[in-house]
Protein chains: 2
Amino acid sequence: MKEYHSVLERCPLFDGIRLEDLGAMLGCIGGRTISVSKGQAVFREGDAATHVGMVLKGAVQMVREDFYGNRSIVAHIGQAELFGESYACAGLAALPISIVAVEDSKVLLMDCRRITVSCSNACAFHSRIIYNMLRLVANKNLVFDQKIQVTSKRSTREKLMTYLLNQAKLRNSDDFTIPYDRQELADYLEVERSGLSAEISKLRREGILESEKNRFRLLQKYS
Amino acid sequence: MKEYHSVLERCPLFDGIRLEDLGAMLGCIGGRTISVSKGQAVFREGDAATHVGMVLKGAVQMVREDFYGNRSIVAHIGQAELFGESYACAGLAALPISIVAVEDSKVLLMDCRRITVSCSNACAFHSRIIYNMLRLVANKNLVFDQKIQVTSKRSTREKLMTYLLNQAKLRNSDDFTIPYDRQELADYLEVERSGLSAEISKLRREGILESEKNRFRLLQKYS
DNA sequence: GAATGTATGTTGAAATTTCAACAGAAGGTG
DNA sequence: CACCTTCTGTTGAAATTTCAACATACATTC
């Protein structure tokens, strides 16, 4: 666990908690660490929404799959980021999405009630943690809003550009890598992979962007 | 204001606050009531995201509009529901959406910081309010997730059915009215109005649903 | 009650996406 | 190095959506 202290420190859930208090804090919350290998699910759609996860190592995705196996990717969750918190905090009975590891990962699982309900010994950190959780859940709304912004667009081209422009803004650079391969990007944008590839080629030919694998570079502002 | 006390009581933001304390509470939070007429914006995309609104009377929509005037409806906010809370709690500088009244409405505006940051006189209600806010923001995530579920579908038919089945589940009935007319429903589903009308007719002919204006009745489970 | 405006349904053509299939590139393995 | 697998790009046909235009129903206003 100690090896991941730097990750814990970076997670906004523990903002304002002093390093030396982190141990007690974790004891109070009662977390446990698990390992998941690439492709394995941490939570499955329909599972009880009681726990919050934090990515200590690796990365996971929020995904939804329908009858026919069509995969939809809702969000990418990287190191020091949380997942499941919104559903647990909302008191939802069953998870509407699955969480799947995209690489071999380590995850810290915490019972959400022990975070959001003040503990019996009313530890001093607790109100701070609740406040931090509020910010994090609110931030997850922004992540969802991003996805809505993208999928609200009608064409593959607009979806892609909306996503790329957002990424550029987030990274504060016109040159960046994305956490998705082509199929995953298609599953995030909700379009066909083949059509997406074709559109990327077209944008390249038109001199609007350069790309190589999952690295993109936007050459002009807008459109 | 007194006339809206019953609305305030119904809003989960004030869960656990006794009726007789509501007045003090509101003073502490410092809310003010405004009237907005149909079609008018309460907040505009780009506005500072500092305030939370509650619908006392009427209804509003979260909308986003692009250069070309294509309207996208993100959510319908009815009586006793909040808006803007996620963006304010996330500490976002500018709102990424607009809030527009869909009928003549009355709205209670509150400064979000005065809700989420404990006040100097540390009023007893405050920690409860923060906890309530956490639940509400988490719940807004579910509203967003609904929208994502709908717009993740590829065809007009699937989008419509996903929306209608969700509504039926929420209302706990196969017979329900929706808060949208055809154009608004199209703007929520992110499809063409004409194509949506055609699809509804088709579903009617196939005996899958009945509809009359904004009232729908699902005749079979699934598909 | 005539005129006007709004909402909804219908339709055919144009544009776009999806689907299926294949080819080349890159990486790992025996 | 041959073999296998995975990823990406390409392409043409089929399916679907968008677009534009119009018809109808209904409510409102003068």
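Computed from heavy atoms alone, side chains included, the values below leave out hydrogens, waters and symmetry copies. Below, chains carry the letters A, B, ... as their sequence lines are ordered, and counting in each starts from 1.
Between the C1' atom of dT16(C) and the CG atom of Leu160(A) lies a distance of 15 Å, rounded to the nearest Å. To the nearest angstrom, P of dT8(D) lies 9 Å from CZ of Phe216(A). Look at CD on Glu192(B): it is 15 Å from C1' on dT17(C), rounded to the nearest Å. When the P atom of dA20(D) is taken as reference, atom OH of Tyr68(B) falls 14 Å away, rounded to whole Å. Residue Asp187(B) contributes atom CG, which lies 12 Å from atom P of dT8(C) at whole-angstrom precision. One can place NZ of Lys159(B) at 7 Å from P of dT18(D), the figure rounded to the nearest angstrom. In this entry the distance linking CG of Asp181(A) with C1' of dG27(C) reads 15 Å, nearest Å. Put simply, CG on Asn70(A) is 7 Å from P on dC19(C), counting in whole angstrom units.
The shortest heavy-atom contact between Ile115(A) and Ile129(A) is CG2-CG2, 3.4 Å. Counting all heavy atoms, side chain and backbone alike, Ser152(B) lies closest to Ser72(A) at OG-OG, 3.5 Å. Shortest non-hydrogen contact noted between Glu9(A) and Leu22(A) is CG-CD1, 4.3 Å.
Between Lys159(B) and Glu190(B) there is no salt bridge, since none of the side-chain N atoms of the basic residue sits less than 4.0 Å from a carboxylate O of the acidic one. In this structure, Asp175(A) pairs ionically with Arg215(A), as a charged nitrogen and a carboxylate oxygen lie closer than 4.0 Å.
Residue pairs meeting the ring pair (Phe, Tyr, Trp, His ring centres under 6.0 Å) criterion with at least one member in residues 91-115 of chain B: none, sequence neighbours excluded.
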What's touching nucleotides 10-14 of chain D from the protein side, N or O pairs under 3.5 Å?
{"from": "dT10(D)", "atom 1": "OP2", "to": "Ser201(A)", "atom 2": "OG", "distance (Å)": "2.4"}

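For the helix from dG1(C)-dC30(D) to dG30(C)-dC1(D), the end axes, each set by the C1' atoms of five terminal pairs, are bent relative to each other by 30° (nearest 10°).
Applying the ring pair (Phe, Tyr, Trp, His ring centres under 6.0 Å) criterion to Tyr188(B), with sequence neighbours excluded, gives Tyr163(B), Tyr180(B). Qualifying ring pair (Phe, Tyr, Trp, His ring centres under 6.0 Å) partners for Phe83(B), counting only residues two or more places apart in sequence or in other chains: Phe43(B). Listed by chain and number, the residues in a side-chain contact (heavy atoms from CB on, under 4.5 Å) with Ser35(B) are Lys106(B) (sequence neighbours excluded).
Listed pair Arg154(B) / dT18(C) meets the phosphate criterion, a side-chain N or O lying under 4.0 Å from OP1 or OP2.
Positionally, the nearest nucleotide of DNA chain C for Glu190(A) lies more toward the 5' end than for the other of Lys213(A) and Glu190(A).
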